[in-house]
Amino acid sequence: MNNKEIASIFYRIGDALEIKGENVFKIRAYRRAARNIMDLPREVSALFQQDPSRINSIPGVGRDLKEKIVEMLSSGRLAYFESLMKEFPPGFFDMLKLSGLGPKRLKKFKEKLNIKNIDDLEKACRQHSLSKLEGEGERAEAKLSAAIEYYKKGVGRFLLQDAEYIAEKTVAYLKKSSVFKKIEIAGSLRRGKETVGDIDILAEVRDKSKAMDYFAAMPLAEKIIAKGAVKSSILVKGGAQLDLRVASAGSFGAALMYFTGSKAHNIKLRRIAKLKKRKVNEYGIFSVSAGGKEKKLAGKTEKDVYQKLGMPWIPPELREDNGEIEAALAGRLPENLLTEKDILGDLHLHTRETDGNVSVKDIVKEAKRRGYKYIAITNHSKYVRIARGMDEKRLLAHVADIRKISADISGIKVFAGIEVDILEDGRLDLEDYALKELDIVIAAVHSHFSLDEKKQTERMIKALNNKYVNVLAHPSGRLITTRTPISLDFEKIFLLCAKNNVFLEVNTHGERIDLNDLHCRMAKNLGAKFVINTDAHDIAQLDAMKYGVITARRAWLEKKDVLNTYAAGKLIKALCRGE
DNA sequence: GCCGTTTTCGGCCCGACTGTTTTCAGTCG
């Protein structure tokens, strides 16, 4: 059983217990454990094989949940879960995904109307039998109908870049009105998560009710979910949910923290505040006297609030309750967290010679315009037929062209490279005599994604032991919406990369983000180094560098961890693997 | 069910919006 399967069972137990009306803290415990398991870069099963007691090191997993995990890993089943599920019809829990419908009402529907699944619920709405129940009414029924409709359309999470696009359009719209004084994007978009559920925007305004009216009247808006004095939510065309919250200048920092999250980060901060006889909410940080009297201590900026909690400002990308609060309290946050301006070049680019849409000359010019000090042209090797990948002969001619272009242009260095395929057996797709002529060799898997972990790991090890390989491109091979990561002993591979001086790529393509933040952080802790590449096939795709930087920041990477922050001379030395 | 710079027991973040109600429960983030 993998982490996702274990976590989803715990989530489902949480749902079932909630409907049964169990202790809310018990429910919360299951969900917290599930979330923490999802956030682990390692498989719990691997942890278990090494040393079963390591399961206790997962936060939120105590004696009881450990036993349940052990049962799942050793038998592939969980008796407690199976007996619990017997109490509910199949498809029952899908209804919890409907916006505005929670466990209490769901329980009521089941008991009073024998509703078993979404189809039953839809029927009940149509027949208006729902609105006759106590505590329900016509508006509630209509809302539920709409929620079912949206659910069926498949409203889900968006890729970071798509969410950013919608957010930017919204901000541009809001800025056209003089009611808005200050606008900030918050939520998981500000934290740079690879997918974003809803888009949170915080604003300081001159007139709250006018601001809310203007927001709700947005041309993109399809449906208003909620509209209050300080908070509104709308659904926009395409299915994304936008939340607008307004805050006064004196509370703006506290509101930004609240609205940026993560939820787990906020909860921990509030708990720390409570221990110190303080209270944190979206209006500020307050001291609380014995008599319950509150006095505001700060709220204007995030920095002020963190300071009153006894810690420095924490960058949004780190706010996941993954050790950043403890690090901040101990003064051990990363000192030089990577920034976009640290990036001096892009080392994975395709051109017309294979499947790119741009000439070498044009992409060099554009890179120079962007202020890059160097780039590498890395086209495909012959195995990738569909991309018209190059054999040794074409490659060497291509290298000669690149050398000439590099010599003809000043102010930017153009490295000649390749993205060479790793074949099924771990050999590379090109002979060493050709690879030897290159400045940089990127190795990548583009086929045989479904090998089992042992074979896939052996394949990778063989490739990484080729002395000409400098970079492992998009190591997990996943595509966020369509392809799961390959099965790989990531720990072993990261250690080998560290040992062999092979840089791990953070591929910034919106569908990839590969390595992801969690693997990246794990690899850093194992001593590996990184390179952030767009894998651009045209000019516009060069813009994606920012998603790699934000992912690196989420992984706590610093400037020194990243190859393409080095000056050209240092970079060439760093690529040297020695004979 | 978890957890400990007060605690191995008694806590567990905090507030906004909605709809159906006249004071609040349910839901959400």
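Reminder, nothing fancy here: chain letters follow the sequence lines and each chain counts from 1. These values consider heavy atoms only, across backbone and side chains, with no hydrogens, waters or symmetry-generated copies.
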For [X] and [N], give me the distance from atom [atom1] to atom [atom2], rounded to whole Å.
| X | N | atom1 | atom2 | result |
| --- | --- | --- | --- | --- |
| A:Leu101 | B:dG29 | CG | P | 13 Å |
| A:Leu309 | B:dC14 | CG | C1' | 14 Å |
| A:Glu282 | B:dG29 | CD | C1' | 10 Å |
| A:Arg139 | B:dC17 | CZ | C1' | 13 Å |
| A:Phe286 | B:dC13 | CZ | C1' | 14 Å |
| A:Leu202 | B:dG29 | CG | C1' | 14 Å |
| A:Lys208 | B:dA16 | NZ | P | 10 Å |
| A:Arg35 | B:dG29 | CZ | C1' | 14 Å |

Do other residues, nucleotides or ligands put more than 12 heavy atoms under 6.0 Å from A:Lys223 NZ?
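More than 12 within 6.0 Å, yes.
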
Mind listing the residues from [range] sitting with a heavy atom below 4.0 Å of DNA chain B? Number order is fine.
| range | value |
| --- | --- |
| residues 248-261 of chain A | A:Tyr258 |
| residues 313-325 of chain A | none |
| residues 102-111 of chain A | A:Gly102, A:Pro103, A:Lys104, A:Arg105 |

For the pair [X] and [Y], find out whether any cationic side-chain nitrogen is under 4.0 Å from an anionic carboxylate oxygen.
| X | Y | result |
| --- | --- | --- |
| A:Glu320 | A:Lys193 | no |
| A:Glu324 | A:Arg191 | no |
| A:Asp119 | A:Lys152 | yes |
| A:Arg483 | A:Glu511 | no |
| A:Arg319 | A:Glu302 | yes |
| A:Glu558 | A:Lys524 | yes |
| A:Lys68 | A:Asp64 | yes |
| A:Lys492 | A:Glu453 | no |
| A:Arg478 | A:Glu194 | yes |

What residue among A:Phe81, A:Phe10, A:Tyr11 forms ring-ring contact (aromatic ring centres under 6.0 Å, His included) with A:Tyr30?
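That would be A:Phe10; it is the only one of A:Phe81, A:Phe10, A:Tyr11 passing the ring-ring contact (aromatic ring centres under 6.0 Å, His included) with A:Tyr30.
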
Taking [M] as the reference, what is the distance to [N] when you measure between their [atom1] atoms (whole Å, please)?
| N | M | atom1 | value |
| --- | --- | --- | --- |
| B:dG1 | B:dT8 | C1' | 15 Å |
| B:dT21 | B:dG26 | P | 13 Å |
| B:dC9 | B:dC14 | P | 25 Å |
| B:dC13 | B:dG4 | P | 14 Å |
| B:dT20 | B:dC24 | C1' | 9 Å |
| B:dG11 | B:dT6 | P | 16 Å |
| B:dT23 | B:dC17 | C1' | 16 Å |

If you look at every strand shown and take non-hydrogen atoms under 4.0 Å, does [X] touch a base, only sugar-phosphate, or nothing?
| X | answer |
| --- | --- |
| A:Glu138 | sugar-phosphate |
| A:Glu134 | nothing |
| A:Lys279 | sugar-phosphate |
| A:Ala229 | sugar-phosphate |
| A:Val24 | nothing |
| A:Ser232 | nothing |

Take nucleotides 1-6 of chain B nucleotide by nucleotide from the 5' end and write B, S or -, depending on whether a protein heavy atom sits under 4.0 Å from the base, only from the sugar-phosphate, or from neither.
BSS--B

Derivation and outcome, side chain to side chain contact (heavy atoms under 4.5 Å, CB included), residues A:Ile550 and A:Leu160:
CA-CA 11 Å; A:Ile550 207 163; A:Leu160 180 60; 4.0 Å; yes

Nearest to the side chain of A:Tyr283 - B:dA16, B:dC13, B:dC17?
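Looking only at heavy atoms from C-beta outward on A:Tyr283, the closest nucleotide is B:dA16.
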
For the side chain of A:Val230, starting at C-beta, report the closest nucleotide among B:dC13, B:dC17, B:dT18.
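Looking only at heavy atoms from C-beta outward on A:Val230, the closest nucleotide is B:dC17.
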
Step by step, work out the ring pair (Phe, Tyr, Trp, His ring centres under 6.0 Å) result for A:Tyr173 and A:Tyr214.
CA-CA 9 Å; A:Tyr173 167 77; A:Tyr214 184 75; 4.3 Å; yes

Given A:Glu18, which partner from the list A:Lys104, A:Lys107, A:Arg31, A:Arg28 fulfils the side-chain hydrogen bond (donor to acceptor under 3.5 Å, both in side chains) test?
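Going through the options one by one, the only one that passes is A:Arg31.
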
Between A:Arg278 and A:Gly135, name the one whose nearest nucleotide on DNA chain B is closer to the 5' end.
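Here A:Arg278 is the residue nearer the 5' end.
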
With a cut-off of 3.5 Å and sequence neighbours excluded, list every side-chain donor-acceptor pair involving residues 224-238 of chain A.
unit_1	atom_1	unit_2	atom_2	d
A:Lys227	NZ	A:Asp213	OD1	2.7
A:Ser233	OG	A:Asp243	OD1	2.7
A:Lys237	NZ	A:Pro219	O	3.0

Between A:Asn281 and B:dG15, is there a side-chain N or O to OP1/OP2 distance below 4.0 Å?
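It does, given that an N or O in the side chain of A:Asn281 lies less than 4.0 Å from OP1 or OP2 of B:dG15.
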
Applying a 3.5 Å limit to both distances, which nucleotide forms a Watson-Crick or G-U wobble pair with B:dC9?
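Pair assignment: B:dC9 / B:dG4.
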
Return all side-chain donor-acceptor pairs below 3.5 angstrom for residues 38-49 of chain A, not counting sequence neighbours, or 'none' if the list is empty.
unit_1	atom_1	unit_2	atom_2	d
A:Asp39	OD2	A:Arg35	NH1	3.3
A:Arg42	NE	A:Glu491	OE1	3.1
A:Glu43	OE1	A:Asn3	N	3.0

